[in-house]
Number of protein chains: 2
Amino acid sequence: MSTIREVADRAGVSVATVSRTLQQPDRVSPKTRVRVQEAIDHLGYKPNLMAVKFRSGKTQVLVALVPTVANVFFARVIKGMQEAAASQGYSLLLMNTMGNDEIERNCAKLVDTSQADGVIQLRAFNPFAPDQFQSEALLPMVNACEIVDDARFPTVTLDNRAAAKAMTEHLISLGHRRIAMVKGPQSSPLTRDRLAGYEDALKAAGLSIDESLLCAGDFTLASGYRAATTLLSLPNRPTAIFCENDEMAMGAMRKVREAGLSIPGDISIAGFDNIAFSAYAEPPLTTIAQPAEEFGETAVNLLIDVLNGKTKRAIKVILPFEVITRQSTGPAPTTANL
Amino acid sequence: MSTIREVADRAGVSVATVSRTLQQPDRVSPKTRVRVQEAIDHLGYKPNLMAVKFRSGKTQVLVALVPTVANVFFARVIKGMQEAAASQGYSLLLMNTMGNDEIERNCAKLVDTSQADGVIQLRAFNPFAPDQFQSEALLPMVNACEIVDDARFPTVTLDNRAAAKAMTEHLISLGHRRIAMVKGPQSSPLTRDRLAGYEDALKAAGLSIDESLLCAGDFTLASGYRAATTLLSLPNRPTAIFCENDEMAMGAMRKVREAGLSIPGDISIAGFDNIAFSAYAEPPLTTIAQPAEEFGETAVNLLIDVLNGKTKRAIKVILPFEVITRQSTGPAPTTANL
DNA sequence: CTGCAAAATGTAACCGATAACATCTTTTAC
DNA sequence: GTAAAAGATGTTATCGGTTACATTTTGCAG
């Protein structure tokens, strides 16, 4: 790999001239420019951008902390991040952290060690060392999707509580009174918020909250299936199951069908995320649409603003949701079943 | 951010001693070591790894060219790559190339410009500039999943032809004679190979190939749905539809159900990839399992071998597939329908 | 043709670490 | 006690660019 010095020698100029030819061509005379260009072409010179980044102190790299890249929803967010980053000349370093605090702390060190400029965190966890907490300055991080409550991070989120409330209201309006909820992991604020929205709606409708209708899941198909198994075995089973994501909803639908029950005839099912598969499920799944790509895009743009000092105070962007009504939800069965 | 010089000053030693304290502690006396460590702790010194990488000429970064990160199968491959890379001290720079040659060429430049050490390409395209083609040396690239025929790239693949043949034989053994195939994009070698396997099986069984039963798709749910729409409208419709991936199969199933036909009673459907959703489909999908994570893992390991000069000649790794028989395929309907 | 401003180009410090080599100090052996 | 070996530490060039500042060349007015 040839260096700028070799190019300079071959063109019979100084390294500064070569650098200028590349950076500010108008500061170099046309003759010289041509000569330098020839040398560059001949040697196949490619500037070592590692050297440039080292000197400039800017890496143009953003780190994305993703709990699971093999997740349909996150994949869309990643797509959004990747595209926004690329369009602004940044690279996206993707980390599959499996929601592990230690791994995330290690990833955050990429920033400390000047290997990356900033972090986009999709989980509610601050990976920066506690001593960095002291400072009032904005840390070079943006929190998206599942947000942590820290005033120093710009965040991109969705009103999960309102969304869950809206979906629950949809179910209530269909006559459902025993509505189960399949939650995500306890540790996730998303779960807390969506559960709160569910409770809001029940209370507003004067319905009581039945603990036995709350099931824990982990956002996987299998956990939705398991949750449904539990719910169907209840002496007084629910007429609707609201799952905190589409994967669990599809897992639950599988179980309900296997049990010989009809959806939505016997049991209505609702999800959250509106992944591509949900429109093709049997029956097509009623769910909450989230602008996943936009989450990623917005997060990246916010982070770049922080890095450029454009954002002085951490702001919170709330993206819109939409209730998508499909055929998996319908009128509650008559009381004969209850 | 403090530098090694500041640490040296505070500890009253030279920069070399600080460097040694970090790299080869046994070459430094215990007293000094303690003093240096104190200075490091006090200043919160973190070595600038950008400087290290610049000097060493190794970035410890691998670039992954992924056609679509928002794809369930690729997401698994990415997971495998990410984990293998991390365990060997490499970072994975993920690029969502949308199968665009130009974007991929740009990504390959990351290697030229010393921003990355190597490339993992999941698509059949050589992103390196033609002039680099001249050399006999192995380019720092590994080709996985969909492979290009170039002797200089180690490759990780699956015998797609044999897999498609096996699936087609499964359908034939169930009595199917009119078996449709929903292909991927024309440009994809995967499509060519899977189609060849399908034809192999038909020929071996003495069946003729009916062009009207071949549909083009693009690996999306929607294209599977469209293909099924076309196939169902044929005057002499097929009794089985073999889709080149699970997404298309699930799209096709949706259409078949909507048409009021039974799966597999009227039409059997088979996919390829064994994504998580296929086990939860209605009915659960018969498909070919590919070790997706292993694809990623193997590709990364091969690439690191190339980078370390351990691999002298490009090798080809063929991973195993497995026919997963579920309920979406069954005996062909009696000739009453045909 | 001279003089001076503007344009073009060159010189060298710098970014932050590493490591070869030089130098200084402490053991060890006789 | 001293020489040689071993151990500890320091000095400095280096990686490949960028850029402030210095210097040279060019252009144009007078």
Side-chain angles (χ1 to χ4, degrees), chain A residues 1-40 42-61 89 109-117, chain B residues 1-40 42-61 89 109-117:
Chain A
M1 193 97 307
S2 53
T3 71
I4 198 172
R5 254 160 276 264
E6 297 173 51
V7 174
D9 288 350
R10 182 160 229 280
V13 298
S14 70
V15 293
T17 302
V18 178
S19 179
R20 273 188 292 254
T21 306
L22 263 23
Q23 308 302 321
Q24 332 161 47
D26 48 315
R27 308 249 305 95
V28 176
S29 76
K31 290 186 310 246
T32 318
R33 216 183 300 165
V34 170
R35 210 139 40 87
V36 170
Q37 195 54 55
E38 262 172 21
I40 288 176
H42 184 265
L43 294 170
Y45 166 73
K46 299 273 173 52
N48 179 333
L49 294 190
M50 207 65 188
V52 175
K53 291 177 174 181
F54 161 54
R55 189 175 202 287
S56 72
K58 301 286 173 201
T59 64
Q60 299 293 106
V61 170
K109 285 188 190 141
L110 289 169
V111 175
D112 298 335
T113 56
S114 310
Q115 296 180 89
D117 294 344
Chain B
M1 193 99 307
S2 51
T3 72
I4 199 171
R5 251 160 281 265
E6 297 175 51
V7 174
D9 288 349
R10 180 158 230 280
V13 298
S14 70
V15 293
T17 301
V18 177
S19 179
R20 272 188 294 254
T21 304
L22 264 21
Q23 308 301 322
Q24 334 162 47
D26 47 316
R27 307 251 303 96
V28 176
S29 76
K31 289 186 309 247
T32 317
R33 214 184 300 164
V34 171
R35 211 138 40 87
V36 171
Q37 194 55 54
E38 262 172 21
I40 289 177
H42 184 266
L43 295 170
Y45 167 72
K46 298 275 173 54
N48 180 333
L49 294 189
M50 207 65 189
V52 175
K53 290 177 173 181
F54 161 54
R55 190 175 200 285
S56 72
K58 301 287 172 199
T59 64
Q60 299 292 107
V61 170
K109 285 188 190 143
L110 289 169
V111 175
D112 298 334
T113 56
S114 310
Q115 296 180 90
D117 294 344

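Residue numbers begin at 1 in each chain, while the letters A, B, ... track the order of the sequences.
- With rounding to whole Å, B/Arg33 atom CZ is found 14 Å from D/dT9 atom C1'.
- Minimum heavy-atom separation, A/Val15 to A/Ala8: N-CB, 3.7 Å.
- Between B/Asp112 and A/Lys46, the shortest heavy-atom distance links the atoms OD2-NZ, 3.5 Å.
- Rounded to whole Å, atom P of D/dG16 lies 13 Å from atom NZ of B/Lys58.
- Atom P of nucleotide D/dT18 and atom CD of A/Gln24 are separated by 10 Å, given to the nearest angstrom.
- Across B/Val18 and B/Ile4, no two heavy atoms sit closer than the pair CG1-CG1, 3.5 Å.
- Looking at heavy-atom distances under 4.0 Å, A/Ser114 makes no contact with the nucleic acid at all.
- Closest approach of B/Arg33 and B/Val28 over heavy atoms only: NH2-O, 3.1 Å.
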Q. How does each nucleotide of nucleotides 10-16 of chain C score, in 5' to 3' order, for protein heavy atoms under 4.0 Å: base (B), sugar-phosphate only (S), or none (-)?
A. BBB-BBB
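- Contact annotation: B/Gln23 side-chain N/O to C/dT18 OP1/OP2 distance is under 4.0 Å.
- The nearest pair of heavy atoms linking B/Glu6 to B/Met1 is OE2-O, 4.1 Å.
- Between B/Ser29 and D/dT9, a side-chain N or O to OP1/OP2 separation shorter than 4.0 Å is present.
- Atom NZ of B/Lys31 and atom C1' of D/dT9 are 12 Å apart (whole Å).
- Among all heavy-atom pairs drawn from A/Val7 and A/Val36, the shortest one is CG1-O, 4.2 Å.
- As a whole-Å value, the separation of A/Asp26 CG from C/dA6 P is 17 Å.
- As a whole-Å value, the separation of A/Met50 CE from D/dG17 C1' is 13 Å.
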